[in-house]
Amino acid sequence: MARHFLSSFSLCFLLFTTACLAHHSESDRFNQCQLDSINALEPDHRVESEAGLTETWNPNHPELKCAGVSLIRRTIDPNGLHLPSYSPSPQLIFIIQGKGVLGLAVPGCPETYEEPRSQSRRQQQQRDSHQKIRRFSKGDVIAIPPGIPYWTYNHGHEPLVAITLLDTSNTLNQLDSTPRVFYLGGNPEIEFPETQQKQHEPRQQRYSFLVGRRGGQQQEEESEEQNEGNSVLSGFNVEFLAHSLNTKEDTAKRLRSPQDERGQIVKVEDGLHIISPELQEEEEQSHSQRKEEEEEEQEQRHRKHSKKEDEDEDEEEEEEREQRHRKHSEKEEEDEDEPRSYETRRKWKKHTAEKKRESHGQGEEEEELEKEEEEEEEIQRQHSKGRKNGLEETICSAKIRENIARPSRGDLYNSGAGRISTVNSLTLPILRNLRLSAEYVLLYRNGIYAPHWNINANSLLYVIRGEGRVRIVNSEGNKVFDDKVRKGQLVVVPQNFVVAQQAGNEEGFEYVVFKTNDRAAVSHVNQVFRATPGEVLANAFGLRHSQVAQIKSNGNRGPLVQPQSQ
């Protein structure tokens, strides 16, 4: 009886404690968004590597705690390789500058990129194969699922700059809201020192307790060996790695990278040689272009040489004619000159026709290239219309990239104010699982993005270029932010807070907005006014009917506004 009572009491106490903790967690999350003021944030920590720079924002900022996200800005030098890493949080990357290639290691997917078979047995054993490689460029949004390792490489001639959002409060993240990045190799430095310091203290205390309890010298040696690096493989000893990966101990030591001081972005000296149809086509095109240029030079030299020979032959013929026909009259000489002038005109017409055909051929090639690009874009649009069957919808070949910075990609446009383009789960289906979306905004000089709010998402505004003014108002009608922001700064806009942006009078205002919902919806104040009956507006604001008509009829239909000159 007593046992039954104690077990029932323990169960009730456990349920009560769980309910209290859940209520406490929800209360903390609610209190984190009680923001009286919002600040424009800049990176708080920087990690320099051999071939790049990693900058992070302190996740303990109240604004980032409210949004439940963390951010990383990476700069990769030309021929720089960002080492393979993964995170328990979904990631959304926007390419600010440069171009490169990216590779995912998706579990269960085959290595579809491979080198051709060779007759040599040694070369056949060394031939490489890997999963699909994806290219990206400026303006691309890239979605990275949680727990999937990926790497990036800059094959361009300028630094590659990318801003990455980690949705730490996403339901796919089964850990706490602490941002974590797991590196498979190298000896990377800690990217979020504000949170990692708290994680190391309990682990060190726990280990000192275990060592004191065991009293063994072997455990201390293993711990010193395992704590030499910062990658996930550094936590395993050499012997175990050699056995589990079926390799030699020397190779296992290099996999642990205990003394690698290059950081998380390393330099590839001779360039990265990977299997990629696009890179191979570029090499073939450049080779064929060089070959065509050489052939054209040879043809020009041949034309010059033949032209010179023709001139020499004409001179000899003319001398012979002069010697044979000295006694003829000037009229006869003119009659003899006519065939020569006719021959010259015929050659000149033939040369001009060849030039026209060459220029016409180049124009046709350009038209064919433009037509191919349009066809590829049309295929991508068809693949992103929500199909649920077919190879293009499998996780192995899923589309993870969408460019939203091209002018043709604009969803809202005002020739005097700017343009806006969005990417969500309708245009990029993989975002449906990640529950994230993004928006690209370019405001021309003095252009205004009229007051609006996000219905179902928090948003983070990152300035790419220029300077502009951002105004944010909370539920109490107070301005929580009203200031200018510049390139590299970040502003958090909580859900339903009303926000408006305006570009400066000297240059445009370009920024990207990350949103914590795959179908983030926006409501604009001017559209709300037009959707509301005039009588309601008149009584709500104390307006005359003429003023109501002016509000509902005047101005732009869309949210982009060009201010009228005073």
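Along the sequence shown, the residues carry numbers beginning at 1. Atoms considered below: every heavy atom in the structure, side chains included; atoms not considered: hydrogens, waters and symmetry mates.
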Does the side chain of [Y] come within less than 4.5 Å of [X]'s, by heavy atoms?
X      : Y      : result
Pro59  : Glu194 : yes
Pro494 : Leu35  : yes
Asn454 : Asn496 : no
Leu184 : Val232 : yes
Leu83  : Val266 : yes
His524 : Trp453 : no
His82  : Tyr150 : yes
Val470 : Phe481 : yes

(request) Determine, stepwise, if the pair Leu41 / Asn58 fulfils side-chain contact (heavy atoms from CB on, under 4.5 Å). (result) CA-CA 9 Å; Leu41 306 177; Asn58 187 348; over 6 Å; no
Has the side chain of [X] got a donor or acceptor atom that lies under 3.5 Å from a matching backbone atom of [Y]?
X      : Y      : result
Gln502 : Gly468 : no
Asn187 : Asn230 : yes
Ser85  : Val181 : no
Asn237 : Phe240 : yes
Asn478 : Val480 : no
Asn154 : Ile76  : yes
Tyr153 : Leu272 : yes
Arg256 : Ser234 : yes
Glu476 : Val473 : no
Asn403 : Arg406 : yes

Which distance, rounded to the nearest 0.5 Å, do you find between the [atom1] of [X] and the [atom2] of [Y]?
X      : Y      : atom1 : atom2 : answer
Lys267 : Arg262 : NZ    : CZ    : 12.5 Å
Ile93  : Leu165 : CD1   : CG    : 10.0 Å
Ile420 : Tyr440 : CD1   : OH    : 11.5 Å
Ser89  : Asn170 : OG    : CG    : 7.5 Å
Ile95  : Leu160 : CD1   : CG    : 5.5 Å
Arg435 : Asn517 : CZ    : CG    : 5.0 Å

(message) Is it true that Tyr462 and Arg73 share a donor-acceptor pair across their side chains at a distance under 3.5 Å?
(response)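 The criterion, which ignores hydrogens and geometry beyond distance, is satisfied for Tyr462 and Arg73.
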(request) Using distance alone, with no hydrogens and no angle criterion, decide if Thr422 and Asp411 have a side-chain donor and acceptor under 3.5 Å apart. (result) yes
(request) Evaluate the criterion side-chain contact (heavy atoms from CB on, under 4.5 Å) for residue pair Thr152 and Val101; output intermediate values, then yes/no. (result) CA-CA 6 Å; Thr152 51; Val101 293; over 6 Å; no
Considering all heavy atoms, the nearest [X]-[Y] contact:
X      : Y      : answer
Leu461 : Gln501 : CD1-NE2, 3.5 Å
Ala51  : Gly80  : CB-CA, 4.0 Å
Leu442 : Glu510 : CD1-CB, 3.9 Å
Thr168 : Ser70  : CG2-OG, 3.9 Å
Phe497 : Cys33  : CZ-O, 4.4 Å
Pro107 : Ile148 : CD-CD1, 3.6 Å

(request) Quick one: do Leu102 and Ile142 satisfy side-chain contact (heavy atoms from CB on, under 4.5 Å)? Show the steps, please. (result) CA-CA 10 Å; Leu102 177 143; Ile142 305 172; 4.2 Å; yes
(request) Any chance you could lay out the side-chain hydrogen bond (donor to acceptor under 3.5 Å, both in side chains) test for Arg519 and Ser425, step after step, and finish with the verdict? (result) CA-CA 6 Å; Arg519 292 193 184 183; Ser425 59; 3.3 Å; yes
(message) In this structure, is the centre-to-centre distance between the rings of His243 and Phe236 below 6.0 Å?
(response)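 No, they do not, as the ring centres are separated by 6.0 Å or more.
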When you check the gap from the basic side-chain N to the acidic O, do [X] and [Y] get nearer than 4.0 Å?
X      : Y      : result
Arg46  : Glu48  : yes
Asp518 : Arg432 : no
Glu402 : Arg409 : yes
Asp483 : Lys479 : no

(message) Would you say that more than 12 heavy atoms from the other residues, nucleotides or ligands in this model lie under 6.0 Å from the NZ of Lys487, or not?
(response) no
(request) Give the C-alpha distance, both sets of side-chain angles, the deciding distance and a yes or no for salt bridge (charged side-chain N to carboxylate O under 4.0 Å, His left out) between Arg74 and Glu191. (result) CA-CA 11 Å; Arg74 288 193 177 92; Glu191 296 178 346; 3.4 Å; yes
(message) Going by salt bridge (Lys or Arg N to Asp or Glu O under 4.0 Å), name the pairs with one or both residues in residues 36-45, residues two or more places apart or in two chains.
(response) Glu42-Arg486
(message) Enumerate the salt bridge (Lys or Arg N to Asp or Glu O under 4.0 Å) contacts for residues 140-165, please, sequence neighbours excluded, ordered by first and then second residue.
(response)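 Counting only pairs at least two positions apart or across chains, the salt bridge (Lys or Arg N to Asp or Glu O under 4.0 Å) contacts touching residues 140-165 are Asp140-Arg401.
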(message) Show, in sequence, the C-alpha distance, side-chain angles and deciding distance for Leu460 and Leu490, and conclude whether the side-chain contact (heavy atoms from CB on, under 4.5 Å) test is met.
(response) CA-CA 7 Å; Leu460 295 94; Leu490 174 75; 4.0 Å; yes
(message) I'd like to check the ring pair (Phe, Tyr, Trp, His ring centres under 6.0 Å) partners of Phe514; sequence neighbours left out, ordered by chain and number.
(response) none
